[in-house]
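In what follows, a structure is listed as structure tokens, so that the remarks can point back to it.
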Amino acid sequence: MLFQVEMTVKLPPAMPVEQAAEIKAREKAYAQELQRAGKWRHLWRVAGSYANVSIFDVEDNAELQELVSNLPLFPYMEIRVKPLCRHPSSIREDDS
Ligand SMILES: O=C(O)C[C@H]1C=CC(=O)O1
């Protein structure tokens, strides 16, 4: 199942720089692990903001919840999820 996931990061301004850097490093490692596993298909920065638009390819809602809630930045993000399905006019073979 494909989902569009929009994540907006809102770190507390008072968070020490070192703590923020450590969380971001763990987030990057986990995000890249999920991309290599084919679970996190697309990751795009929203220009001009600390936000991304992503496409996840997971078994079901429960797997999406598990993966997203394990993100190190999860406590500091606003997340919006939209379920996707194939568009009848799409010419791509791999977007089911
Ligand atoms: O930077 C972000 O958009 C937040 C998050 C998503 C992947 C990652 O490495 O950090």
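Just follow the structure's listing: the first ligand is 1, and inside any ligand the first atom is 1.
Atom CD1 of residue I55 and atom CH2 of residue W40 lie 11.5 Å apart, to the nearest 0.5 angstrom.
Not close to ligand 1: W44, with no non-hydrogen atom less than 4.0 angstrom away. Heavy atoms of Y30 come nearer than 4.0 angstrom to ligand 1 in no pair at all.
Between the choices E27, Q35, Q32, K24, the shortest heavy-atom distance to atom 9 (O) of ligand 1 belongs to E27.
A salt bridge is absent between E33 and K39; no separation between the charged side-chain nitrogens and carboxylate oxygens falls under 4.0 Å.
Only the side chain of V9 comes within contact range of ligand 1, with a heavy atom under 4.0 Å; no backbone atom does.
With a 4.5 Å cut-off on side-chain heavy atoms, K24 and L11 count as touching. Counting only heavy atoms from C-beta outward, the side chains of R41 and L2 approach each other to under 4.5 Å.
On a distance-only criterion, Y50 and ligand 1 share no N/O pair closer than 3.5 Å. Residue contacts with ligand 1: N52 is placed with a nitrogen or oxygen under 3.5 Å of a nitrogen or oxygen of the ligand (distance criterion only).
In this structure, the protein non-hydrogen atom closest to atom 1 (O) of ligand 1 is R45 NH2, 2.8 Å.
Judged purely by atom type and a 3.5 angstrom limit, Q19 has no side-chain atom pairing as donor or acceptor with the backbone of M15.
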Q) Where do M7 and L73 land on the side-chain contact (heavy atoms from CB on, under 4.5 Å) test, with the steps shown first? A) CA-CA 10 Å; M7 306 177 201; L73 281 172; over 6 Å; no

